[in-house]
Amino acid sequence: MNKRHQASQPAAGPSADHFFSIPGARADNWRRLHSLARDWARGSGDAEAVREAFALLTSVEDFFAYPGRTLLAALTKRIGSGDAAGVASLAQRISEAILTRSYKEEANDWETDEAAADAPPDLGSTTMTPGRARRPYFEMLVVAPGAATRAEHMIAGLRALRRPEDAMVYEGVPVPSFEDAILAVVLNPAIAAVTLYEGFDHRTAKDVPILRSFLASAGLDAAQIAGDDLPLSLANAIKRIRPELDIYLLSDRQVEHVAGDPRAANVRRVLYSVEELLELHLCVLEGVADRFRTPFFDNLKKYAMRPISTFHALPIARGKSVFKSDWIRDMGEFYGLNIFLAESSATTGGLDSLLEPTGNIKEAQDMAARAFGADHVFFVTNGTSTSNKMVHQALIAPGDIVLLDRNCHKSHHYGLVLAGGQPLYIEAYPMTAYSMYGAVPLASIKKALLDLKAEGRLDRAKMVDLTNCTFDGHIYNTRRVMEECLAIKPDLIFLWDEAWFGFARWSPFLRPRTAMGAAEAIEAWMNDPASVEAYERQQKELGADPSAEALLQTRLIPDPRKIRLRVYQTNSTHKSMSALRQGSMLLVKDIDFASVEAQFHEAVFTHASTSPNQQIIASLDVARRQMELEGYGLVANAIQIALDIRREVNSHPVISKYFRVLGADDMVPAEYRESGFTDFFTPGTNWETQVRSMHEDEFCLDPTRMTLVCGTAGFDGTQFKKLMADAYDIQFNKTSRNSVLLQSNINNTRSDVAHLIRVLLEICGQIDRGLASGGENARKALAARVKSLMEDVPDLPNFSHFHEAFRWDAGKTTWEGDMRSAFYSAYYAEGCEYLPLDSPDVDARLEKGPEMISANFVIPYPPGFPIMVPGQVITKETIDFMRKLDVKEIHGFERAKGLKLIRPDHAKDHIRK
Ligand SMILES: *Cc1c(COP(=O)(O)O)cnc(C)c1O
């Protein structure tokens with residue numbers, strides 16, 4: 001990070017308000033303490049600054065095992081006694097240990113005494129068990145009364161139980177209260193297990209105002225928590241924040257007393273007090289080992305090691321055809337032997353079959369279901385493109401109506417062609433200035449359903465299909481969308497395409513807005529007796545026969561007794577987690593799944609390859625393991641990195657002259673931001689509004705998806721993307737006319753941020769120098785270019801309608817159509833014609849008819865959504881847009897031939913009667 005940044009950004013404050021920045025800021029703060037202490041030791045600094053920096057640090061250090069109380073006490077003592085050199089040396093050691101994470105393996109990092117710390121590592125030590133094969137390290141939160149004594153004692157006891165053969169090693173983090181426990185699980189990503197010791201306090205002694213609003217927004221406010229109940233309430237609260245954590249309860253009372261409470265389900269094991277320390281130790285290790293286990297991958301590794309002669313068709317398996325060859329050996333050398341040893345077309349040897357899994361693939365899928373909060377998971381090795389088609393195929397029959405965002409990935413449109421479902425396109429709100437679309441307003445979805453109802457065809461509406469989050473980062477209020485739709489049709493199915501959003505499960509802020517997070521909340525709501533009352537109260541208010549207008553205006557409550565909750569999610573695990581390309585998951589939470597399970601298997605048989613790639617399956621298994629064990633910290637880091645980029649670009653005095661990352665106020669119209677939230681760094685915005693926005697707003701923004709406006713620097717999106725890739729090795733995601741999309745993920749580090757900022761600064765410097773040397777002319781040229789990119793933007797064409805020939809029995813007010821028949825009409829050459837885009841015939845047809853009917857999908861990249869679909873009547877809007885479009889890649893359109901149209905006189909020829 002540059003100097004200015006350091007100057008304007010004091011080390012993160014002591015309050016825990018900086019939820020995301022604390023793990024990263026800790027290392028900075030320790031470095032700062034070291035440098036101040038060094039100045040003090042050299043006589044150029046002062047003790048007061050050191051004391052302040054130390055106070056700042058200690059307020060959060062309680063939530064981390066390292067450096068821990070002993071080292072902190074040693075520092076306090078040295079500061080008190082004026083031992084400047086001693087402070088500097090210890091602060092330096094701690095600072096380095098935190099930065100390099102060496103404390104996970106180096107016992108010496110935990111020593112206060114310098115002489116001991118410098119001694120060669122004791123390889124036989126089991127206290128911190130350094131070196132050797134690196135074992136995974138995690139931390140266990142211990143919530144206990146008077147934490148300083150009782151918990152410390154217990155942690156020391158657990159440490160004494162370590163054995164060299166343990167597969168992992170952990171340290172304890174003692175805290176004294178409910179609130180401190182919440183702070184610890186929020187702030188410390190290394191925590192993997194929690195032990196609750198009855199009798200702890202409720203309130204923290206720390207001053208953290210944000211904590212209470214965070215708890216309240218998560219439905220965990222103090223009022224709901226009674227004293228006697230504290231352990232189970234805490235278990236419940238922790239599960240809401242980090243569902244993957246194992247929770248243990250140590251009780252002095254009869255352990256049966258908790259068994260009857262439904263919340264006891266959150267506790268992995270209840271143990272009778274400290275007598276069972278060994279039992280606890282073994283449970284803790286077993287609990288983490290259970291998440292660590294990857295049934296398919298583990299077996300694949302074993303399989304690869306076995307001597308096997310293959311007589312099946314896969315010459316590459318075992319690598320002999322590669323390594324013995326003079327001509328392709330480099331492939332073997334490049335990939336290494338293991339990938340060939342792990343290749344097999346067998347489903348024996350414990351490898352299981354993806355098409356009908358009964359063994360370790362099934363087990364791996366079940367573990368993924370647990371991790372992602374679904375009832376069932378299907379692993380898919382052909383990308384989410386295939387997952388989506390599977391859902392369509394399995395759930396949609398010819399003639400069923402699907403409410404579909406036209407912006408959806410093309411796999412949905414093609415899925416409907418294959419399944420014969422009729423798309424009822426619902427429009428996202430346009431963001432014309434940036435040549436992109438937002439998301440579909442709930443009012444439009446409700447209106448489409450109510451129109452179908454008015455026309456007596458609501459029974460045909462089978463599914464609502466939306467992208468969450470959208471490519472550009474708009475996140476739906478998934479819960480509200482489903483509740484209001486279910487109030488109109490209680491058995492609607494939802495398909496949420498979360499291709500980019502799979503990681504969101506591991507953020508407590510984003511999780512409620514995922515398909516599975518919302519489904520879980522709705523399920524809980526359905527079981528609450530108050531929900532029926534709320535429903536009935538609203539029914540009374542609405543009266544016997546409410547108008548469509550009244551239903552549109554009301555935030556509808558569904559009848560909890562009637563809902564059939566049927567939620568599907570697809571995610572490209574490879575896009576946001578550590579899976580190999582094409583690794584995708586299909587998540588199911590469908591109360592009526594039993595009735596469609598056979599269809600699902602047919603869909604899998606239809607679409608899945610009979611030769612699924614073992615490595616992709618293994619990577620899905622491993623991606624799940626990673627997310628269950630470190631997903632929380634990785635996702636928090638990705639969010640923090642995105643927030644850093646947003647702040648740096650938008651506040652940097654030079655960069656912000658030419659570039660800007662769009663905020664919620666640019667991306668989401670005010671009417672969909674009920675909380676009034678504007679952007680992450682608008683002055684006056686605090687955590688509370690941010691959390692409220694996440695909670696309430698119709699749409700909010702995924703912070704990790706950043707639309708960087710480059711038109712204001714005179715670049716169009718494609719040009720800028722190319723420049724960054726060619727000259728600076730920075731790759732961006734998609735582009736629009738005047739912007740590029742940046743995305744942070746679990747792979748990014750803070751140095752990526754520094755590199756990006758440095759490069760943007762360099763580009764701004766070039767623009768500045770160009771303007772300075774080019775004088776008035778250069779200034780005018782840039783201004784004209786910026787105006788063209790930012791202001792002369794084509795209107796985005798709405799979906800027009802399907803041609804009458806493809807409208808079946810469609811009603812007067814709804815616009816679904818038989819896209820499949822239109823699609824296949826184009827297979828008959830005599831029924832098709834081509835019209836060059838610039839031909840005057842096009843204008844004549846627009847004016848006098850006959851209507852032009854698109855024969856196929858036309859999808860320009862960017863923006864990447866179909867501006868024509870088969871059977872769609874082409875309007876002037878669409879032609880204008882096509883003529884202005886200056887992108888090279890347009891799928892389904894050959895410029896030389898022109899628009900492919902279905903001849904109106906042939907349109908009806910091939911339609912199913
Ligand atoms: C990428 C993407 C898909 C397709 O996923 P693949 O894994 O690339 O097949 C589907 N939907 C959306 C929204 C996507 O972004």
Side-chain angles (χ1 to χ4, degrees), residues 354 368 372 377-393 402 404-419 423 425-426 428 436-440 463-476 478 494-504 510 513-515 568-587 603-604 606-609 612-613 615-617 619-620 623 699 701-702 704-707 731-736 740-745 857 859-866 889 891:
L354 182 66
F372 282 87
V377 165
F378 291 87
F379 285 176
V380 179
T381 60
N382 318 61
T384 298
S385 304
T386 296
S387 304
N388 288 333
K389 284 178 224 157
M390 284 177 182
V391 177
H392 282 279
Q393 162 111 33
V402 175
L404 179 66
D405 175 3
R406 192 166 50 111
N407 270 304
C408 275
H409 185 263
K410 61 181 172 209
S411 51
H412 300 267
H413 307 277
Y414 282 103
L416 284 176
V417 166
L418 295 177
Y425 284 114
I426 37 179
M436 59 174 82
Y437 278 96
V440 182
M463 185 160 91
V464 173
D465 183 353
L466 298 167
T467 309
N468 185 55
C469 65
T470 66
F471 216 134
D472 302 292
H474 304 87
I475 309 176
Y476 283 87
T478 42
F494 297 89
L495 169 55
W496 295 99
D497 179 341
E498 298 189 348
W500 290 105
F501 208 44
F503 75 96
L510 299 177
R513 287 197 172 234
T514 62
Y568 291 78
Q569 185 254 34
T570 53
N571 78 80
S572 294
T573 320
H574 68 94
K575 283 183 181 170
S576 74
M577 291 165 267
S578 300
L580 292 176
R581 201 155 164 81
Q582 295 197 4
S584 167
M585 294 190 198
L586 192 173
L587 274 48
V604 171
T606 309
H607 293 282
S609 164
N613 184 295
Q615 313 338 310
I616 297 178
I617 303 172
S619 75
L620 288 169
F699 302 114
L701 274 195
D702 175 355
T704 69
R705 304 184 73 77
M706 296 158 273
T707 300
Q731 293 182 1
F732 290 144
N733 208 310
K734 70 158 230 187
T735 60
S736 84
V740 292
L741 181 71
L742 280 70
Q743 193 197 340
S744 68
N745 62 41
F857 288 104
I859 309 179
Y861 286 82
F865 65 89
E889 195 179 340
H891 296 185

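Read the numbers this way: they start at 1 and go in the same order the structure lists the ligands and their atoms. Everything quoted here is computed from the prediction, not taken from an experiment. Any value given below was found using the heavy atoms of this structure, including those in side chains, with hydrogens, waters and symmetry copies removed.
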Inset, instruction - Check ligand 1 against S572 and write out every atom of the ligand that is under 4.0 Å from a heavy-atom position of the residue. - result: 5 (O), 6 (P), 7 (O)
Inset, instruction - Starting from atom 12 (C) of ligand 1, find the nearest protein heavy-atom neighbour and note its residue, name and distance. - result: A499 CB, 3.3 Å
Legend entry - Nearest protein heavy atom with distance in Å, relative to atom 11 (N) of ligand 1: D497 OD2, 2.6 Å
Inset, instruction - Looking only at distances, please establish whether an N/O atom of ligand 1 is found under 3.5 Å from an N/O atom of T467. - result: no
Legend entry - Residue and atom name of the nearest protein heavy atom (relative to atom 10 (C) of ligand 1), distance in Å to one decimal: H409 CG, 3.2 Å
Inset, instruction - Specify the protein heavy atom at minimum distance from atom 9 (O) of ligand 1: its residue, its atom name, and the distance to 0.1 Å. - result: S385 OG, 2.6 Å
Inset, instruction - Using distance alone, decide if ligand 1 has a nitrogen or oxygen within less than 3.5 Å of any nitrogen or oxygen in S411. - result: no
Legend entry - Distance filter under 4.0 Å to N388 heavy atoms, resulting ligand 1 atoms: 10 (C)
Inset, instruction - If the plane angle is over 60° it's perpendicular, under 30° parallel, otherwise tilted; pick one for H891 and Y861. - result: tilted
Legend entry - Side-chain (T384) to main-chain (S572) donor-acceptor, under 3.5 angstrom: yes
Legend entry - Residue and atom name of the nearest protein heavy atom (relative to atom 6 (P) of ligand 1), distance in Å to one decimal: T384 N, 3.4 Å
Legend entry - Polar contact flag for H412 and ligand 1 (N/O pairs, less than 3.5 Å): no
Legend entry - Proximal candidate to atom 7 (O) of ligand 1 [heavy atom criterion; set Q582, H574, K389, K734]: H574
Inset, instruction - Write out the residue and atom name of the closest protein heavy atom to atom 1 (C) of ligand 1, then the distance separating them to 0.1 Å. - result: K575 NZ, 1.3 Å
Inset, instruction - Please confirm whether the backbone N or O of S411 pairs with a side-chain atom of S385, one donor and one acceptor, at under 3.5 Å? - result: no
Legend entry - Between D472 and T470, a side-chain donor and acceptor under 3.5 Å: no
Legend entry - Close approach of W500 to ligand 1, heavy atoms, under 4.0 angstrom: yes
Inset, instruction - Please name the pair of heavy atoms, one in T514 and one in N468, separated by the smallest distance, quoted to 0.1 Å. - result: CA-ND2, 4.1 Å
Legend entry - Whether Y476 and F699 hold their rings parallel, tilted or perpendicular, with breakpoints at 30° and 60°: perpendicular
Inset, instruction - Classify the ring geometry between H412 and H409 as parallel (under 30°), tilted (30 to 60°) or perpendicular (over 60°). - result: perpendicular
Inset, instruction - Looking only at non-hydrogen atoms, find the nearest pair between T570 and S387 and report the distance. - result: CG2-CB, 3.7 Å
Inset, instruction - Could you tell me which non-hydrogen atom of A368 sits nearest to which non-hydrogen atom of V377, and how far apart they are? - result: C-CG2, 3.9 Å
